[in-house]
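So the structure is just underneath, and the comments pick up after that.
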Amino acid sequence: MAEHHAQNKARLISETRRRFEAEYVTDKSDKYDPRDVERLQQDDNWIESYLYWRHNVIDETLKMLDESFQWRKEMTVNDLTESSIPRWLLEIGGIYLHGYDKEGNKLFWIRVKYHVKDHKTMLDKKKLIAFWLERYARRENGKPVTVMFDLSETGINSIDMEFVRFIINCFKVYYPKYLSKMVIFDMPWIMNAAFKIVKTWLGPEAVSLLKFASKSDIQDYVSVEYLPPHMGGTDPFKYSYPPLVDDDFQTPLCENGPIASEDEASSKEDIESDGKEILEAISNEEQTALLKKINLTEPTSKAEEHEKDSKMKAFKKPLSVFKGPLLHISPAEELYFGNTESGEKKTLIVLTNVTKNIVAFKVRTTAPEKYRVKPSNSSCDPGASVDIVVSPHGGLTVSAQDRFLIMAAEMEQSSGTGPAELTQFWKEVPRNKVMEHRLRCHIVESSKPTTLTLKDNAFNISDKTSADIYLQEALWPRHNRNTLFFVKGSEIRNGKR
């Protein structure tokens, strides 16, 4: 059944692509942006999103593609940047992306009170909507958003039905399959008639996605941590510009807890407390095993070796890898954390430098108060790999809404890689030289271990056991961690962390 579905989907995509080229593109090359036509030939997911919205009817899908592509060229969507939008429109904070709903979908905020009906600014407002949606779609291909129409403190003069219709068309025609739901918050009774019209614009296939909420039930859709105070939430976020709100990624906790400055050096007290904390987490039996592990003269029984090998084979499964231009990142999309029952929530990100230069990297997260990341700001030599350990801090709960951002950029050979040099480097590196990759969080509900949690696991990129990692974290001084030795049998490996 699954194989048949996949074959049918591939056939529909291929047929849509062929017919659009033959019936719409031929002799009409100036009708569309060539970049969109080229992307259509390469991006199956893009075609699938249009097919999905048109119930796999190819004729209707072709009409939708034609309308969408003409709009994209008219709005110069592929060339929209911050500089395309008037600064005052970015500063006012009426439209932005921030936070997640309970299903893990990004929230697209439209604060209606900041909008005044004005035909002179309508085109700029439409471009702002297109800018945010295109920016998001390029980064999170296929992941839907939840539109938050915040009507609190709104008067009748703020309601512009032409603008509302444009937003709806964006999801009906221009960005199909990207709408998770549209939440209308605190709608005044005087606007009931207006939103009856909105329902007709959405059409029968999307009207079920329209949700009306007040302060008493808004938490059915969004948890308090991503709701502003006027909605009964606890989110301290306050919009400001510049810089552009960038998916809410911030500096996480690092080796020393909250970072005062990224070039802050580790203290002896921090090193000792970290070692004590990790050693206390290891049972007496595990500590004995660790001592045996570092004693090269003590023989290991065949039974122990067999048990160890069997255990490693059981968990040694291929990992997904995102292959970027500067770094290969594993896992590719999701960080898997164990649940409370498993007792181990740490997980690992492996970065591999595929360039001929040193690559600087930083780790950011949408929940900086929740996680410890080691290291969160460092560099990776050409051809080398770096292991980044991510763990929840202070017993806080991992959420599927949390996200991580890996930022990377090539450094000049003459550049230093100390904390001060890295801080200065990130201040000066051009934005277009920075590679970015995002990771979602996933909580493993089953008590069975997975390949991506650290405890009792083995990785195909690096076959360090959980004991190796505990030993590395607990016993090796942080100021000497530039060079780490992993002892396994009689083999000693030297690698840079």
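Because the structure is a prediction, the values reported are computed rather than measured.
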query = With sequence neighbours excluded, what pairs up with T121 under the side chain to side chain contact (heavy atoms under 4.5 Å, CB included) test?
reply = W88, D118, K125

key: Nearest heavy atoms of P430 and V434, plus distance in Å   = O-CG2, 3.6 Å

key: F337 versus C441, closest heavy-atom pair with distance   = CE1-SG, 3.9 Å

query = If we only count heavy atoms from C-beta on, is the M75 to L123 side-chain gap below 4.5 Å?
reply = yes

request  = Answer yes or no: is there a donor N or O on one side and an acceptor on the other, between the side chain of W109 and the main chain of H98, under 3.5 Å?
outcome  = yes

request  = Measure the spacing between CG of L97 and CE of M148 and express it to the nearest 0.5 Å.
outcome  = 12.5 Å

key: Residues which pass salt bridge (Lys or Arg N to Asp or Glu O under 4.0 Å) with R17, listed by chain and number, not counting sequence neighbours   = D44

message = Testing the basics here: between L422 and N377, what is the closest heavy-atom pair and its distance to 0.1 Å?
response = CD1-O, 4.1 Å

message = Treating W53 as the side-chain partner and K172 as the backbone partner, does any N or O pair qualify as donor plus acceptor under 3.5 Å?
response = yes

request  = With sequence neighbours excluded, tell me which residues meet ring pair (Phe, Tyr, Trp, His ring centres under 6.0 Å) with Y174.
outcome  = W71

task = Kindly compute the distance separating OG1 (T81) from CD (E134), expressed to the nearest 0.5 Å.
result = 12.5 Å

ask   = Do E91 and R87 sit within salt-bridge range, that is, some charged N less than 4.0 Å from a carboxylate O?
value = yes

note = Taken in chain and number order and not counting sequence neighbours, the residues that satisfy side chain to side chain contact (heavy atoms under 4.5 Å, CB included) with S391 are K346, R372

task = Could you tell me whether K433 and E410 make a salt bridge, using a distance below 4.0 angstrom between a side-chain N and a carboxylate O?
result = no

inquiry  = With side chain to side chain contact (heavy atoms under 4.5 Å, CB included) as the criterion, how do V373 and T365 come out once you've worked through the C-alpha distance, each side chain's angles and the decisive distance to 0.1 Å?
reply    = CA-CA 10 Å; V373 178; T365 178; 5.9 Å; no

message = With rounding to the nearest 0.5 angstrom, report the CG to CZ distance, N45 to R39.
response = 9.5 Å

message = According to side chain to side chain contact (heavy atoms under 4.5 Å, CB included), who are the partners of D220, at least two apart in sequence or on a separate chain?
response = D217

inquiry  = Looking at every non-hydrogen atom in both residues, tell me the closest pair between C380 and N353 and how far apart they are.
reply    = O-ND2, 2.9 Å

query = Does some side-chain heavy atom of Y50 sit less than 4.5 Å from a side-chain heavy atom of T16?
reply = no

inquiry  = Side chains of L327 and T352, heavy atoms from C-beta outward: is any pair under 4.5 Å?
reply    = no

ask   = Which pairs count as salt bridge (charged side-chain N to carboxylate O under 4.0 Å, His left out) when at least one residue sits in residues 153-165, sequence neighbours excluded?
value = K113-E153, K126-E162

ask   = Do the side chains of L90 and L128 get nearer than 4.5 Å, heavy atoms only?
value = yes

Whether Y136 side chain and K143 backbone form a donor-acceptor pair below 3.5 Å = yes

message = Can you tell me if E333 has over 12 outside heavy atoms packed within less than 6.0 Å of its CD?
response = no

L227 and D235, any side-chain heavy atoms less than 4.5 Å apart = no

ask   = Is the CD atom of E412 crowded by more than 12 outside heavy atoms at less than 6.0 Å?
value = no

ask   = Who passes ring pair (Phe, Tyr, Trp, His ring centres under 6.0 Å) against F20, sequence neighbours left out?
value = Y24, Y32, F69

query = With V390, which of I349, V363, V398 fulfils side-chain contact (heavy atoms from CB on, under 4.5 Å)?
reply = I349

request  = Ignoring hydrogens and angles, tell me if any N or O in the side chain of W201 forms a donor-acceptor pair with the backbone of I168 under 3.5 Å.
outcome  = no

inquiry  = If I take atom CD1 from residue I167 and atom CD1 from residue I129, how far apart are they, to the nearest 0.5 angstrom?
reply    = 4.0 Å

inquiry  = Using only atom types and a distance under 3.5 Å, with no angle test, would you say the side chain of S14 pairs donor to acceptor with the backbone of R11?
reply    = no

task = Taking the side chain as every heavy atom from C-beta outward, state whether I358 and P382 have any atom pair closer than 4.5 Å.
result = yes

key: K102 NZ: over 12 foreign heavy atoms closer than 6.0 Å   = yes

query = Checking side chain to side chain contact (heavy atoms under 4.5 Å, CB included) for the pair I85/K127: CA distance, chi angles, key distance, verdict?
reply = CA-CA 7 Å; I85 313 298; K127 284 189 174 183; 4.0 Å; yes

task = If a pair satisfies salt bridge (charged side-chain N to carboxylate O under 4.0 Å, His left out) and one of its residues is in residues 55-65, list it, with sequence neighbours excluded.
result = R19-D59, E60-K63

Distance-only criterion, 3.5 Å: show the donor-acceptor pairs between side-chain atoms of residues 176-189 and protein atoms not counting sequence neighbours.
from : atom 1 : to   : atom 2 : distance (Å)
Y178 : OH     : G142 : N      : 2.9
S180 : OG     : N105 : ND2    : 3.0
K181 : NZ     : D101 : OD2    : 2.8
K181 : NZ     : E103 : OE1    : 3.1

key: Residues that F163 engages under ring pair (Phe, Tyr, Trp, His ring centres under 6.0 Å), provided they are two or more places apart   = H115

Modelled atom types, side-chain donor and acceptor of Q424 and E428, under 3.5 Å = yes

ask   = Do the side-chain N and O atoms of D150 and S152 include a donor-acceptor pair separated by under 3.5 angstrom?
value = yes

key: Set of side chain to side chain contact (heavy atoms under 4.5 Å, CB included) partners for V224, sequence neighbours left out   = Q219, T234

task = Applying side chain to side chain contact (heavy atoms under 4.5 Å, CB included), run through L405 and K362 and close with a yes or a no.
result = CA-CA 8 Å; L405 170 69; K362 291 198 296 187; over 6 Å; no

Check: S378 side chain, F361 main-chain N or O, donor-acceptor pair, under 3.5 Å = no

key: Minimal non-hydrogen separation, G324 against V354, with atom names   = O-CG2, 3.9 Å

task = Go through the structure and list residues passing ring pair (Phe, Tyr, Trp, His ring centres under 6.0 Å) with F322, not counting sequence neighbours.
result = H437

request  = Go through the steps for I95 and F108 under the test side chain to side chain contact (heavy atoms under 4.5 Å, CB included), then give the verdict.
outcome  = CA-CA 7 Å; I95 301 168; F108 187 36; 3.6 Å; yes

query = Do the side chains of Y100 and T366 get nearer than 4.5 Å, heavy atoms only?
reply = yes

ask   = So do the side chains of F166 and M122 get within less than 4.5 Å of each other, counting heavy atoms only?
value = no

ask   = Measuring from R72:CZ to E67:CD, what's the distance to the nearest 0.5 Å?
value = 13.5 Å

Spatial distance of atom OG (S399) from atom CD (E225) [nearest 0.5 Å] = 5.5 Å

note = P331 and L439 have their tightest heavy-atom pair at O-CD2, 3.4 Å

key: Expected output: side-chain D36 to main-chain L40 donor-acceptor under 3.5 Å   = no

